[in-house]
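Take a look at the structure below.
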Amino acid sequence: MSKTEIDVVTAEFYGAFDNRGGRTADVARIRRLVLPQGVIVCTAPTFTAYSVEEFVTPRERLLADGRLVEFSEWETSEETRVEGDLASRFGTYRKSGVFDGKPYEGTGTKTLQFVRTPDGWRIAALSWYDHP
């Protein structure tokens, strides 16, 4: 059951950025999926560590202002290990959309650290690397 619940949280995380077909991306749901004290880190192309708010706010704008449209991101492979109330997921992803009127695609690797809370599984930390 835990792996299935983690699969759902992960899919919800990736789905938060989807604005295909004119839908509004629901990036705000990241505030529910990631612990308020969670850490989000991008390692490439530029190393940056974010708080949840520092991560969410610019992405809400970008996905709503018309610069990045028809965007989605999805997991392409994963390995998940669950030990009691801790879990770690390592996976690859693809992303696609139209950025400033030009096709935009990419791939990368993400690692997510989960903890089981009284409200269910939540992301405690997330790191990603965009492949060149």
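Residue numbers start at 1 and run along the sequence shown. Note that the structure is predicted; figures quoted are calculated from it, not measured.
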key: Exercise: identify the closest heavy-atom pair between Ser96 and Glu105   = OG-CG, 3.9 Å

task = Taking the side chain as every heavy atom from C-beta outward, state whether Val34 and Arg122 have any atom pair closer than 4.5 Å.
result = no

Between CD1 on residue Ile6 and CG on residue Leu112, distance to nearest 0.5 Å = 10.0 Å

task = Can you establish whether the number of heavy atoms outside Phe99 located under 6.0 Å from its atom CZ is more than 12?
result = yes

task = Using a 4.5 Å cut-off on heavy atoms from C-beta on, say whether the side chain of Val41 contacts that of Thr48.
result = no

task = For Ser77 and Thr92, test the side chains for any donor-to-acceptor distance below 3.5 angstrom and give the result as yes or no.
result = yes

query = Is the shortest heavy-atom distance from the side chain of Glu12 to the side chain of Arg29 under 4.5 Å?
reply = yes

query = Among Phe71, Tyr14, Phe17, whose side chain to side chain contact (heavy atoms under 4.5 Å, CB included) with Lys95 holds?
reply = Phe71

Atom pair OG1 (Thr10) and CG (Leu126), whose distance is rounded to the nearest 0.5 Å = 10.0 Å

request  = Just do the side chain to side chain contact (heavy atoms under 4.5 Å, CB included) check on Thr117 and Leu35 with the steps written out, would you?
outcome  = CA-CA 9 Å; Thr117 73; Leu35 295 175; 4.0 Å; yes

task = Could you walk me through whether Glu83 and Arg81 pass salt bridge (Lys or Arg N to Asp or Glu O under 4.0 Å), step by step?
result = CA-CA 7 Å; Glu83 292 290 334; Arg81 181 174 174 183; 3.4 Å; yes

query = Given side chains that start at C-beta, do those of Cys42 and Tyr50 come closer than 4.5 Å, heavy atoms only?
reply = yes

message = So Glu78 and Lys110, do their side chains get closer than 4.5 Å, heavy atoms only?
response = no

query = Between Arg89 and Asp7, is there a side-chain N and carboxylate O pair less than 4.0 Å apart?
reply = yes

Flag if over 12 foreign heavy atoms under 6.0 Å of CZ, Arg23 = yes

ask   = Hey, is the main chain of Arg94 close enough, under 3.5 Å, to the side chain of Glu73 for a donor-acceptor pair?
value = no

message = As a test of understanding, state which of Asp130, Thr76, Thr107 forms a side chain to side chain donor-acceptor pair (under 3.5 Å) with Tyr93.
response = Asp130

message = Ignoring hydrogens, what is the shortest heavy-atom contact between Ser2 and Arg116? Give both atom names and the distance.
response = OG-NH1, 3.1 Å

ask   = Going by atom types alone, do Thr111 and Gln113 pair a side-chain donor with an acceptor below 3.5 Å?
value = yes

ask   = Should the pair Arg67 and Tyr104 be classed as cation-pi, given the thresholds of under 6.0 Å to the six-membered ring centre and 45° from the axis?
value = no

inquiry  = If you define the side chain from C-beta out and look only at heavy atoms, does anything of Ser127 sit under 4.5 Å from Tyr129?
reply    = no

task = Could you give me the CA-CA distance, side-chain angles and deciding distance for Ser88 and Phe90, then say whether side chain to side chain contact (heavy atoms under 4.5 Å, CB included) is met?
result = CA-CA 7 Å; Ser88 181; Phe90 192 87; 5.8 Å; no

message = Apply side chain to side chain contact (heavy atoms under 4.5 Å, CB included) to residues Val9 and Ile123 and explain how you reach the verdict.
response = CA-CA 8 Å; Val9 172; Ile123 299 167; 4.3 Å; yes

ask   = So, Phe55 versus Trp128, ring centres under 6.0 angstrom or not?
value = yes

ask   = Mind checking whether Asp85 and Phe114 have side chains closer than 4.5 Å, heavy atoms only?
value = no

query = Does the distance from a Lys or Arg side-chain N to an Asp or Glu carboxylate O, for Arg20 and Asp18, drop under 4.0 Å?
reply = yes

ask   = Are Ile40 and Val115 connected, step by step, through hydrophobic side chains (Ile, Leu, Val, Met, Phe, Trp, Tyr) whose heavy atoms are closer than 4.5 Å?
value = no

request  = Taking all heavy atoms of Val69 and all of Asn19, pick out the closest pair and write down the distance.
outcome  = C-OD1, 3.5 Å

query = Does Arg59 use its side chain to pair, donor to acceptor, with the backbone of Val27 at less than 3.5 Å?
reply = no

task = Enter the distance from Leu63:CG to Asp26:CG here, rounded to the nearest 0.5 Å.
result = 11.0 Å

query = Should the pair Lys3-Glu5 be classified as a salt bridge under the 4.0 Å nitrogen-to-oxygen rule?
reply = no

message = Side-chain heavy atoms nearer than 4.5 Å, only ILVMFWY residues, links allowed to pass through others: does that put Val39 and Ile30 together?
response = no

